[in-house]
Amino acid sequence: MGPPGAGKGTQAKKLVEKFGMTHLSSGDIFRAEKSSGSDLGKQLAQYMLAGKLVPDEIVVEMMAKAIADGDAEAGLMLDGFPRTVAQAKALDEQLAAAGSEMDAVVSIVVPDSEIVGRITGRRSCSCGQAYHVMFIPPKVEDVCDVCGAKLTQRADDTEEVVKERLEAYHAQTKPVIDYYSSCGEVRVLEVDGSKTPDEVSEDLAAALNALQQ
Ligand code: AMP
């Protein structure tokens with residue numbers, strides 16, 4: 001968990017490489033549906049482009065399916081879900097019904113003042129490689145180092161939309177961290193997301209390894 005631009009996707013990918021779980025990103029799942037041009041995708045796009053959260057009923061149904069289809073043996077790394085207390089409760093029910101449970105919640109902490117600069121500089125390639133114009137620039141402007149394709153910017157990574165997303169984070173998603181902290185059954189691990197991606201990843205791996213001991 002973390003505000004937009006905290007590095008959830010980047011850290012989830014690194015952790016998946018280290019620990020071998022399956023990465024399930026609600027944002028990626030919704031963007032794929034949007035790209036398919038389906039009616040559902042068009043509905044999702046309206047919320048995403050406005051920086052609003054997609055309604056819980058839609059999210060819970062789509063994520064329940066993705067989780068049920070996921071490789072439970074390998075373990076799941078949920079990225080961007082749950083984002084409301086209602087989603088967290090629905091997830092609890094699904095996990096309990098499957099005889100499973102959450103091992104830990106990771107909260108990546110980044111001050112609001114850093115968020116807009118982080119987000120508006122983000123660029124990505126369809127091959128999955130992520131860049132930032134200041135912090136992780138490609139060797140040639142707007143061209144992917146890995147595959148040579150032209151880099152793109154997410155349609156919701158504009159200053160105006162980021163402000164909405166940040167508001168949604170504070171109003172609807174932060175209470176989810178309090179929900180897990182107060183239930184006492186799930187460990188909430190906080191990491192300082194202002195450090196470099198490699199440092200954050202080391203801190204996270206250390207915190208998760210400590211959990212397993
Ligand atoms: P992300 O890629 O995680 O930044 O998500 C991009 C956008 O997808 C968000 O700004 C929301 O509009 C939508 N979204 C992703 N995950 C959720 C969720 N769990 N609940 C509601 N909306 C979501």
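Just so you know, ligand 1 is whichever comes first in the structure, and atom 1 is the first atom listed for that ligand.
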Looking at [Y] and [X], is any side-chain nitrogen of the basic one under 4.0 Å from a carboxylate oxygen of the acidic one?
X	Y	answer
Arg122	Asp156	no
Glu159	Lys163	yes
Lys8	Asp79	no
Asp28	Arg31	yes

Exercise for the section: State plainly whether one hydrophobic cluster holds both Met63 and Leu91, where clusters connect Ile, Leu, Val, Met, Phe, Trp and Tyr through side-chain heavy atoms under 4.5 angstrom apart. Expected result: yes
Give me the pairs of N or O atoms, one from ligand 1 and one from the protein, that sit under 3.5 Å apart.
from     : atom 1 : to     : atom 2 : distance (Å)
ligand 1 : 2 (O)  : Arg31  : NH1    : 3.0
ligand 1 : 2 (O)  : Arg31  : NH2    : 2.9
ligand 1 : 2 (O)  : Arg154 : NH1    : 3.2
ligand 1 : 2 (O)  : Arg154 : NH2    : 3.4
ligand 1 : 3 (O)  : Arg83  : NH1    : 3.0
ligand 1 : 3 (O)  : Arg83  : NH2    : 3.1
ligand 1 : 4 (O)  : Arg83  : NH2    : 3.4
ligand 1 : 4 (O)  : Arg154 : NH2    : 3.1
ligand 1 : 4 (O)  : Arg165 : NH2    : 3.4
ligand 1 : 12 (O) : Lys52  : O      : 2.7
ligand 1 : 16 (N) : Ser26  : OG     : 2.7
ligand 1 : 16 (N) : Gly80  : O      : 3.4
ligand 1 : 16 (N) : Arg83  : NH1    : 3.0
ligand 1 : 19 (N) : Gly80  : O      : 2.9
ligand 1 : 19 (N) : Gln87  : OE1    : 3.0
ligand 1 : 20 (N) : Gln87  : NE2    : 3.0
ligand 1 : 22 (N) : Val54  : N      : 3.0

Problem - Flag for Asp192-Ser194: side-chain donor and acceptor within less than 3.5 Å - result: yes
